[in-house]
Protein chains: 2
Amino acid sequence: MNIYSFICPVKPRDQHKTAQIFAATLLLVRENGLSGITMSEIAKAAKIATGTLYIYFENKETLINELFTECRKSSVAIYFEGYHAEMPFKEGFRIVWNNLLQFRIDHFEKAVFMDQCYHSPFITETTKELTKKMIHPLFKLVETGKAIKALKELDNLMLLTYMVGGINEYVKRSKYSAKKITKQDAMHLFNLCWDGIKA
Amino acid sequence: MNIYSFICPVKPRDQHKTAQIFAATLLLVRENGLSGITMSEIAKAAKIATGTLYIYFENKETLINELFTECRKSSVAIYFEGYHAEMPFKEGFRIVWNNLLQFRIDHFEKAVFMDQCYHSPFITETTKELTKKMIHPLFKLVETGKAIKALKELDNLMLLTYMVGGINEYVKRSKYSAKKITKQDAMHLFNLCWDGIKA
DNA sequence: CAAATAAATGAATAAATATTCATTTAAAAA
DNA sequence: TTTTTAAATGAATATTTATTCATTTATTTG
């Protein structure tokens with residue numbers, strides 16, 4: 001009997017290899033779409049045998065759900081880097097907004113993957129609920145903004161989707177036209193957003 | 001020899017049945033994602049035999065490419081309904097904006113399908129180029145807006161993606177939370193957009 | 001070091017899915 | 001009505017892809 005049986009219900013895994021598998025999957029999804037990936041291709045791209053994949057993940061569904069959760073987690077972790085509640089609201093908002101943009105630029109493949117997962121049959125209800133909770137801090141941010149009259153008194157969802165939607169779409173189209181997004185572009189884009197949502 | 005051999009290179013098809021197939025595909029993609037559809041399921045949902053599907057479409061790739069093109073065409077056709085170049089700019093812009101929103105509400109399944117296709121391995125370069133040209137009128141619209149100093153002097157892509165991205169994301173999230181979008185919501189959302197992009 | 005245990009392999013199998021085609025049914029022409 | 005042609009069918013086949021497992025390789029323990 002393994003000592004982990006009591007301490008940890010999950011079998012310990014080589015973190016490096018897990019990361020390799022995740023990276024390979026993201027790469028392939030960006031290149032071929034969620035409907036274009038196969039387990040053997042993932043294994044090949046991760047430089048492991050197909051069988052090894054099944055040591056790390058029970059099946060394809062599990063792999064995709066775990067990767068989705070990991071992507072959400074890592075994205076939210078970045079969103080609030082450098083943010084402090086005591087900052088003037090606009091300054092804090094700009095930091096979060098910039099982090100949102102930067103995440104999508106730096107980890108485009110994660111953004112693409114999460115996008116694709118939205119309508120996929122792979123993501124389970126459990127994963128959906130779990131990852132929904134993770135973005136709660138964003139809702140809190142816009143709520144604060146409304147409370148101090150910095151933002152328009154509108155539905156949270158509306159403010160957030162307008163903020164996020166514009167970034168998403170711009171980064172997506174820019175990547176496809178091989179356009180590099182400059183600091184100045186980012187500033188202009190922020191102003192578009194801010195002028196729209198400020199009270 | 002069939003008279004169409006010279007007049008039209010494409011075999012004439014029962015329009016009604018083609019529409020049935022398209023509708024079935026859109027329904028299934030909305031429900032199960034692009035990676036979750038099979039040819040036999042499409043046939044079943046369209047109430048025809050699998051073999052019949054292959055009379056209408058050479059293969060799965062062709063079916064999806066033709067449907068994508070059809071979705072783009074029908075969307076752009078709607079965008080400029082009621083718009084006239086002689087209108088005051090903001091009025092015309094509002095009409096197009098509203099049509100964009102309304103299309104995504106009324107034909108959500110088409111929006112989902114097109115979204116999914118973006119990163120899919122099915123859509124060929126030819127289709128991408130073809131459909132890219134179709135959205136040219138939207139670029140012209142924002143260009144006009146800039147020319148008369150109604151819109152900020154920013155990159156076309158930036159203005160357009162910010163306009164479209166917000167709508168996309170809002171409709172998407174609303175549908176998933178089973179939220180009905182009211183006329184008032186639409187007005188608020190328009191103001192978010194307009195306040196952001198106006199000069 | 002040898003023995004025992006764990007991890008990795010990838011060819012083989014099972015399951016799912018695209019595509020075909022011999023046959024049937026419907027429509028048009030004679 | 002009979003003959004000819006076109007359209008539709010869906011079971012059968014081919015292909016692709018998920019998953020398994022007997023075997024090999026690496027690691028840990030005594």
Side-chain angles (χ1 to χ4, degrees), chain A residues 1-5 7-22 24-25 27-29 31-67 116-117 120-124, chain B residues 1-5 7-25 27-29 31-67 116 120-124:
Chain A
M1 156 111 42
N2 171 324
I3 59 153
Y4 289 101
S5 311
I7 300 167
C8 164
V10 178
K11 161 176 58 165
R13 295 181 303 195
D14 178 343
Q15 283 303 306
H16 175 65
K17 205 158 283 174
T18 305
Q20 238 172 277
I21 294 169
F22 279 170
T25 308
L27 181 81
L28 289 172
V29 170
E31 278 176 356
N32 306 321
L34 196 58
S35 48
I37 53 167
T38 68
M39 292 299 263
S40 57
E41 272 185 316
I42 291 171
K44 204 169 81 183
K47 295 182 201 301
I48 57 172
T50 321
T52 313
L53 207 46
Y54 284 85
I55 294 169
Y56 283 77
F57 299 95
E58 198 186 329
N59 52 36
K60 195 179 182 181
E61 187 182 285
T62 307
L63 163 52
I64 290 177
N65 276 271
E66 287 196 26
L67 177 52
Q116 291 261 309
C117 282
S120 96
F122 293 115
I123 302 300
T124 63
Chain B
M1 156 112 42
N2 171 325
I3 58 154
Y4 289 101
S5 313
I7 300 167
C8 163
V10 179
K11 160 175 61 164
R13 297 181 300 195
D14 179 342
Q15 284 303 307
H16 175 66
K17 204 158 285 174
T18 306
Q20 239 172 277
I21 293 168
F22 280 170
T25 308
L27 180 81
L28 288 173
V29 170
E31 279 176 355
N32 306 322
L34 196 57
S35 48
I37 52 166
T38 69
M39 291 298 263
S40 56
E41 272 185 316
I42 292 171
K44 205 170 80 182
K47 294 181 201 302
I48 58 172
T50 323
T52 313
L53 207 46
Y54 284 85
I55 294 170
Y56 282 77
F57 299 95
E58 198 185 331
N59 53 35
K60 195 178 182 182
E61 187 183 285
T62 307
L63 164 51
I64 288 176
N65 276 273
E66 287 197 26
L67 178 52
Q116 291 260 309
S120 97
F122 293 115
I123 302 299
T124 64

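Because the structure is predicted, anything quoted here is derived from the model rather than measured. First the proteins, then the strands, lettered A, B, ... as listed; each starts at 1. These numbers come from the heavy atoms of this one structure, side chains and all, not from hydrogens, waters or symmetry mates.
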Any chance you could measure Ile55(A), atom CD1, to Lys17(A), atom NZ, to the nearest 0.5 Å?
8.5 Å
Between P on dT17(C) and NZ on Lys44(B), what's the gap in Å once rounded to a whole number?
12 Å
Euclidean distance, atom CD of residue Gln20(B) to atom P of dA8(D) [Å, nearest integer]:
10 Å
Taking the axis from the first five pairs and the axis from the last five, what angle separates them in the helix from dC1(C)-dG30(D) to dA30(C)-dT1(D), rounded to 10 degrees?
10°
Nucleotide-resolved protein contact map, nucleotides 16-26 of chain D, B/S/- at heavy-atom distance under 4.0 Å
-SSBB------
d(CZ, Phe57(B); C1', dT17(C)) in whole Å:
19 Å
Counting only side-chain heavy atoms from C-beta out, which of dG10(D), dT9(C), dA8(D) sits nearest to Tyr56(B)?
dA8(D)
Short question: side chain of Thr25(A), backbone of Ile21(A) - any donor-acceptor pair under 3.5 Å?
yes
Touch class at under 4.0 angstrom, heavy-atom based, for Ile48(B) against every strand present
sugar-phosphate
Roughly how many Å is it from CG in Leu63(B) to P in dT17(C), rounded to a whole number?
16 Å
Tell me, do Asn59(A) and Leu63(A) make a side-chain contact under 4.5 Å, heavy atoms counted?
no
Tell me the interatomic distance from Ile55(B), atom CD1, to dT19(C), atom P, rounded to whole angstroms.
15 Å
When rounded to whole Å, the CD1 to C1' distance for the pair Ile21(A) and dA8(C) reads 12 Å
Specify the separation, in whole Å, of atom CG of Leu34(B) and atom P of dA18(C).
11 Å
With rounding to the nearest 0.5 Å, note down the distance linking CD in Glu58(A) to CD in Glu66(A).
9.5 Å
Side-chain heavy-atom pair Tyr56(A), Ile48(A) within 4.5 angstrom cut-off
no
Side-chain donor-acceptor distances from residues 31-47 of chain B under 3.5 Å, at least two apart:
residue	atom	partner	partner atom	Å
Thr38(B)	OG1	Ser40(B)	OG	3.4
Thr38(B)	OG1	Glu41(B)	N	3.1

Sorted by chain and number, sequence neighbours left out, side chain to side chain contact (heavy atoms under 4.5 Å, CB included) with Thr124(A) holds for Glu61(A), Asn65(A), Thr126(A), Thr127(A)
Does some side-chain heavy atom of Ile64(B) sit less than 4.5 Å from a side-chain heavy atom of Phe57(B)?
no
dA8(D) phosphate, OP1 or OP2: any side-chain N/O from Lys17(B) under 4.0 angstrom?
yes
